[in-house]
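First the structure, in the form of structure tokens, and then the observations on it.
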Amino acid sequence: MTPAELSRVVEMAWEDRTPFEAIEKLYGLNESAVIKLMRKEMKPSSFRMWRKRMQGRQTKHLKLRHPGIERAY
């Protein structure tokens, strides 16, 4: 993965409205692979803060999203 792609994946993971499925579709990384990547690329305190925000967030999982939310992914 190029540094630009890596940066984009991290950016997408931080965005509240970008589902993990979109990252998988574009970069081939499932949710667990994104978590591993974020753990590797971030400081421990930043990773813990990110994980706390992502736990159960409806917008990060297509199956949990409200059907009225439509995005490009």
Side-chain angles (χ1 to χ4, degrees):
M1 186 174 282
T2 67
E5 290 173 328
L6 181 63
S7 176
R8 181 64 183 136
V9 170
V10 170
E11 180 183 353
M12 290 174 76
W14 267 104
E15 294 171 347
D16 289 341
R17 296 205 175 262
T18 303
F20 288 114
E21 291 85 355
I23 297 170
E24 184 171 10
K25 182 178 179 183
L26 292 173
Y27 296 100
L29 299 171
N30 61 19
E31 182 178 353
S32 62
V34 171
I35 292 169
K36 287 178 187 176
L37 181 127
M38 295 294 277
R39 180 176 280 133
K40 180 181 150 209
E41 295 297 318
M42 301 171 78
K43 293 187 291 185
S45 60
S46 297
F47 174 76
R48 284 191 300 272
M49 182 175 58
W50 175 76
R51 282 299 291 153
K52 187 176 180 179
R53 281 185 57 226
M54 293 302 111
Q55 290 285 54
R57 184 170 292 269
Q58 291 181 354
T59 56
K60 290 304 278 187
H61 302 276
L62 286 178
K63 291 180 181 177
L64 298 177
R65 271 187 168 188
H66 185 275
I69 298 175
E70 294 185 19
R71 297 281 184 232
Y73 304 108

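Treat the numbers as computed from the prediction; the structure is a model and nothing was measured.
The side-chain contact (heavy atoms from CB on, under 4.5 Å) search around E24 returns N30, not counting sequence neighbours.
Residue pairs meeting the side chain to side chain donor-acceptor pair (under 3.5 Å) criterion with at least one partner in residues 34-49, sequence neighbours excluded, do not occur; the list is empty.
For the pair A13 and V34, the tightest heavy-atom approach, listed with the atom from each and the gap, is CB-CG1, 3.9 Å. Nearest heavy atom pair, residue D16 against residue M54, reads OD1-CE, 3.8 Å. Taking each heavy atom of M1 and L37 in turn, the nearest pair found is SD-CD1, 4.5 Å. Scanning both residues, M42 and F47, for their nearest heavy atoms gives CE-N, 3.9 Å.
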*After noting the C-alpha distance and the side-chain angles of L26 and M12, does the key distance pass the side-chain contact (heavy atoms from CB on, under 4.5 Å) rule?*
CA-CA 11 Å; L26 292 173; M12 290 174 76; 3.7 Å; yes

*asked:* Could you go through W50 and I35, starting from their C-alpha distance and side-chain angles, then the distance that decides it, and tell me whether this counts as side-chain contact (heavy atoms from CB on, under 4.5 Å)?
replied: CA-CA 10 Å; W50 175 76; I35 292 169; 4.0 Å; yes

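Electrostatic pairing of R53 and E15 does not count as a salt bridge here, judged by no charged N lying under 4.0 Å from a carboxylate O. Ion pair E5/R8 not flagged as a salt bridge, since none of the NZ, NE, NH1 or NH2 atoms sits closer than 4.0 Å to an Asp/Glu carboxylate oxygen.
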